[in-house]
Amino acid sequence: MRILVVDAFTDRAFAGNPAGVCLLDAPADAGWMQRIAAEMRHAETAFVRPLGTPEADYELRWFTPAVEVALCGHATLASAHALYETGTVPAGGPIRFQTRRSGVLTVQPARAPGSGGLLEMDFPAQPARPVQVPAGLAEALGVPVTEAGRNAQNDLLVVLDDDEAVRKLVPDQVALARIDARGVCVTAPAAPGPEPYDFVSRFFGPAVGVDEDPVTGSAHCMLAPYWSGRLNRDALLGYQASERGGTVRVTVRGDRVTLAGRAVTVLDGTLKV
């Protein structure tokens, strides 16, 4: 089986979010895929299998080192990049991925001038609804939390006043793993700087085996509607301020969100088991 490692939401190697991409030619056992993901140790490893049905071109599943997840942006971007780069899919055409719990996700190259290498992904919006701040959340993050939101994929949204507070967070991962959430996304308005970012964020998911995810596409399905409503704009630029860092362009389109980013292949090999 051909297996690649692709850095997503970046235009340079060893930045953005690395994902394993396994190109299957037949159905695979879920337990076997979980063991491969545990071996790879990336936040997510994607498994892509040809379908060729009227509804979708490929099946796509995502696994953290610990569990299968319902939605993953960076590994979807990595999978599309791998299919285009290996010539499995002709350049320029769309790719329709059938997923188990997030419907059909379509990825295609951006058409705008100057957008070479930029891939656009059509994802469901995942807006957060206000909830009572979970007990222990502020203590786990190490910052005051006065309000919180929760979305349909059980992610919590915490909004701080400035991006420096987001960048300096050092959460207690053991305590954070006890919070009832797939992950905790902390965000703030971006400070003025050389890059035209609208907001910054970080994403912590120790409950699913990922202490900090470098760049989280699925979280931007929650961040996009929040910041679109707050800034009164549909098209925004986000920066996920992890150690590796990555950029996600978002456009809100009703109950859908377009996520756009670039990707770089850093490893291309063969799995021998």
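Values below: all heavy atoms of this structure, side chains included; hydrogens, waters and symmetry mates excluded.
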**Item:** Side-chain donor-acceptor pair present, W62, T76, cut-off under 3.5 Å
**Value:** yes
**Asked** Would you say the side chains of T99 and R61 form a donor-acceptor pair under 3.5 Å?
**Response** no
Ignoring hydrogens and geometry, is there a side-chain-to-backbone donor-acceptor pair from [X] to [Y] under 3.5 Å?
{"X": "E39", "Y": "P65", "result": "no"}
{"X": "S115", "Y": "L118", "result": "no"}
{"X": "Q240", "Y": "T216", "result": "yes"}
{"X": "Y84", "Y": "G93", "result": "yes"}
{"X": "T251", "Y": "T258", "result": "no"}
{"X": "D57", "Y": "R96", "result": "yes"}
{"X": "T10", "Y": "R12", "result": "yes"}

**Asked** What residues, two or more places apart in sequence or in another chain, satisfy side-chain contact (heavy atoms from CB on, under 4.5 Å) together with Q153?
**Response**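 Q153 satisfies side-chain contact (heavy atoms from CB on, under 4.5 Å) with L71, Q126, N151, D155, R182, S218 only.
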**Item:** Non-neighbouring partners of A19 that pass side-chain contact (heavy atoms from CB on, under 4.5 Å), sequence neighbours left out
**Value:**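 Listed in chain order: H74, A75, A78.
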SB check [X] [Y] (cutoff 4.0 Å):
{"X": "R249", "Y": "E120", "answer": "no"}
{"X": "D11", "Y": "R262", "answer": "no"}
{"X": "R2", "Y": "D268", "answer": "yes"}
{"X": "E212", "Y": "R202", "answer": "yes"}

**Request:** Just jot down the salt bridge (Lys or Arg N to Asp or Glu O under 4.0 Å) partners of R244, sequence neighbours excluded, or say none.
**Result:**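 Once residues adjacent in sequence are excluded, the partners of R244 under the salt bridge (Lys or Arg N to Asp or Glu O under 4.0 Å) criterion are D7.
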**Prompt:** Listed by chain and number, what are the salt bridge (Lys or Arg N to Asp or Glu O under 4.0 Å) partners of E85, not counting sequence neighbours?
**Reply:** none
Distance-only criterion, 3.5 Å: show the donor-acceptor pairs between side-chain atoms of residues 164-172 and protein atoms not counting sequence neighbours.
from : atom 1 : to   : atom 2 : distance (Å)
D172 : OD1    : V174 : N      : 3.2
D172 : OD1    : A175 : N      : 3.1

**Item:** Heavy-atom neighbours of D29 CG exceed 12 at 6.0 Å
**Value:**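 Atom CG in D29 is packed in, count exceeds 12.
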Ignoring hydrogens and angles, write down the donor-acceptor pairs under 3.5 Å from the side chains of residues 187-197, residues two or more places apart or on other chains.
from : atom 1 : to   : atom 2 : distance (Å)
T187 : OG1    : V200 : O      : 2.6
T187 : OG1    : W227 : NE1    : 3.1

